[in-house]
Amino acid sequence: MFAKSRGYILYGFCSLLFTAGSAWAQISAIEGDVKNTDGSPAVKAEILIEREDMKGTYKGAKTDKKGHFIYNGLPLGTYTVSVFINGEKRDSLSHVHTQLGDPVKADFDLKKTMEQNQAVQKAAQTGNFTKEQERGLSKEQKDALEKKAKENAAAMAKNKELNDAFNAGKEAMTAKNYQAAAESFEKGAALDPNQHVIWANLADADVALAGTKSGDEQQAALTKAQEAFQKAIALKPDDPAYHNNYALALAKSKKFDEAQAELTKAAQLDPANAGKYYYNLGAVLVNTGQSAAAEEAFKKAIQANPDYADAQFQYATALSAKLTTDKDGKVIAPEGLQAALEKYLQLQPAGQFAEAAKSMLQMIGATIQTNYSNPNAKKPAKKN
């Protein structure tokens with residue numbers, strides 16, 4: 001009786017051991033090393049393990065100072081292992097099958113991954129994948145790349161049509177066929193309304209077209225030009241040329257206050273060429289009869305560029321409105337007028353305003369040099 005009882009106890013103990021051993025044998029582990037793109041160990045990278053054959057997510061593993069991680073206590077199964085650095089997913093391994101015994105390796109070389117991704121992206125642009133690259137793509141990646149390839153093909157076709165329209169417009173402008181140019185640029189703007197260059201060229205074409213019209217037709221073309229300039233500026237507000245050309249279009253419609261604001265903006269955006277913009281502003285103000293304001297604009301033009309000959313002459317012309325005479329009838333010139341005229345003659349001794357400048361100097365009693373020369377002109381080479 002006693003011996004039989006011991007047998008039962010022993011049998012039960014062995015059964016317990018067998019059952020416990022079987023449960024322990026179902027536990028597996030995944031370990032690996034993570035390297036940064038520079039080859040250094042990725043420290044404190046977060047590891048996310050997700051089961052593929054049934055629901056299950058395992059978090060908490062992090063790499064140590066050597067970039068190593070291990071996650072014990074995983075049920076046998078198939079997993080996707082992902083690595084996160086600073087909260088950003090950097091890479092993942094799918095179909096990792098765990099096993100009994102030693103941990104399954106899941107290493108991450110982020111430099112190699114980056115290079116592979118760059119190669120895949122380059123291949124995606126042409127559609128020429130290597131067999132190895134194709135094997136490495138998931139169904140979702142293949143679908144996404146196929147969609148991207150179709151989008152790229154459509155974009156290339158659209159870009160060709162856009163370039164053709166733009167080039168046709170430029171050729172028509174060169175041939176002075178402004179109506180055809182405007183139509184080509186309008187086609188380009190319809191294809192891609194976010195191209196500021198196309199809107200600016202359309203505006204230039206409409207301004208040129210307005211020059212061939214009169215009355216309501218001319219104003220309609222100018223209105224279209226101004227609208228196109230507005231769209232170009234909205235897309236690229238820091239282009240001084242757009243503001244300058246828009247101002248000139250506004251001036252043609254006698255919108256002088258708006259033109260003045262645009263030219264001032266152009267000068268602020270492009271101080272190196274401010275002389276040109278202030279000169280244009282002065283011309284606009286002269287045409288509106290604002291002589292005092294025009295004088296100030298031309299003064300700013302020569303301050304920005306003292307060698308701007310035409311600005312010197314126009315500044316002198318604006319100052320001539322302040323000529324007075326004394327009790328003896330002698331003409332008294334305002335300060336700056338004589339200097340501006342002499343500077344013009346130095347810069348342009350045979351220029352279009354040379355004779356007018358000399359006449360004004362004679363009128364104010366200034367001595368006129370018989371031989372003006374441009375101090376900035378290149379001197380002839382000496383003969384040996």
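Numbering of residues begins at 1 and proceeds along the displayed sequence.
- Neither side chain, Q230 nor Q226, offers a donor N or O lying under 3.5 Å from an acceptor on the other.
- Between A294 and G282 the shortest heavy-atom distance is CB-O, 3.7 Å.
- The pair K236-D238 meets the salt-bridge criterion, with a side-chain N (NZ, NE, NH1 or NH2) lying under 4.0 Å from an Asp/Glu carboxylate O.
- Side-chain atoms of D192 come within 3.5 Å of backbone atoms of N194 as a donor-acceptor pair (strictly under, hydrogens ignored).
- Each salt bridge (charged side-chain N to carboxylate O under 4.0 Å, His left out) pair with one or both residues in residues 255-265, not counting sequence neighbours, would appear here, but there are none.
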request  = Walk me through it: do R90 and T113 pass the test side chain to side chain contact (heavy atoms under 4.5 Å, CB included)?
outcome  = CA-CA 9 Å; R90 301 296 297 274; T113 300; over 6 Å; no
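- A distance-only check finds no donor-acceptor pair linking the side chain of N273 to the backbone of K276 [under 3.5 Å].
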task = Quick one: do F353 and D310 satisfy side chain to side chain contact (heavy atoms under 4.5 Å, CB included)? Show the steps, please.
result = CA-CA 8 Å; F353 302 122; D310 286 1; 3.9 Å; yes
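- T57 is listed as a side-chain neighbour of L48, based on a closest heavy-atom distance under 4.5 Å.
- Although no hydrogens or angles enter the test, the distance criterion places a donor-acceptor pair under 3.5 Å between the side chain of H68 and the main chain of G32.
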request  = Would you please test K170 and F185 for side chain to side chain contact (heavy atoms under 4.5 Å, CB included) and show each step?
outcome  = CA-CA 9 Å; K170 297 296 283 185; F185 290 132; 3.9 Å; yes
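- Judged by distance alone, with hydrogens and angles left aside, the side-chain atoms of D270 form no donor-acceptor pair with the main-chain N or O of A266 at under 3.5 Å.
- Within the 3.5 Å criterion, the main-chain N or O of N36 finds no donor-acceptor partner in the side chain of S40.
- Checked by atom type, the side-chain pair E342/Q346 shows no donor-acceptor distance below 3.5 Å.
- Sequence neighbours left out, the pairs with a member in residues 278-301 that pass ring pair (Phe, Tyr, Trp, His ring centres under 6.0 Å) are Y279-F298, Y279-Y308.
- Distance check: I70 CD1 to N72 CG gives 4.5 Å after rounding to the nearest 0.5 Å.
- Side chains of H196 and Y242: a donor-acceptor N/O pair is present below 3.5 angstrom, by distance only.
- A donor-acceptor pair under 3.5 Å is absent between the side-chain atoms of Q312 and the main chain of Y344, judged by distance alone.
- Among D53, L93, V104, I49, the single residue meeting the side chain to side chain contact (heavy atoms under 4.5 Å, CB included) criterion with Y79 is I49.
- Counting only distance, with no hydrogens or angles, the side chain of S28 and the backbone of L100 share no donor-acceptor pair below 3.5 Å.
- Remark: side-chain polar atoms of W199 are not paired, donor with acceptor, to backbone N or O of F229 under 3.5 angstrom.
- Although no hydrogens or angles enter the test, the distance criterion places a donor-acceptor pair under 3.5 Å between the side chain of D239 and the main chain of A241.
- The backbone N or O of T78 sits nowhere less than 3.5 Å from a side-chain atom of E52 that would complete a donor-acceptor pair.
- The pair D307-K343 meets the salt-bridge criterion, since a charged nitrogen lies less than 4.0 angstrom from a carboxylate oxygen.
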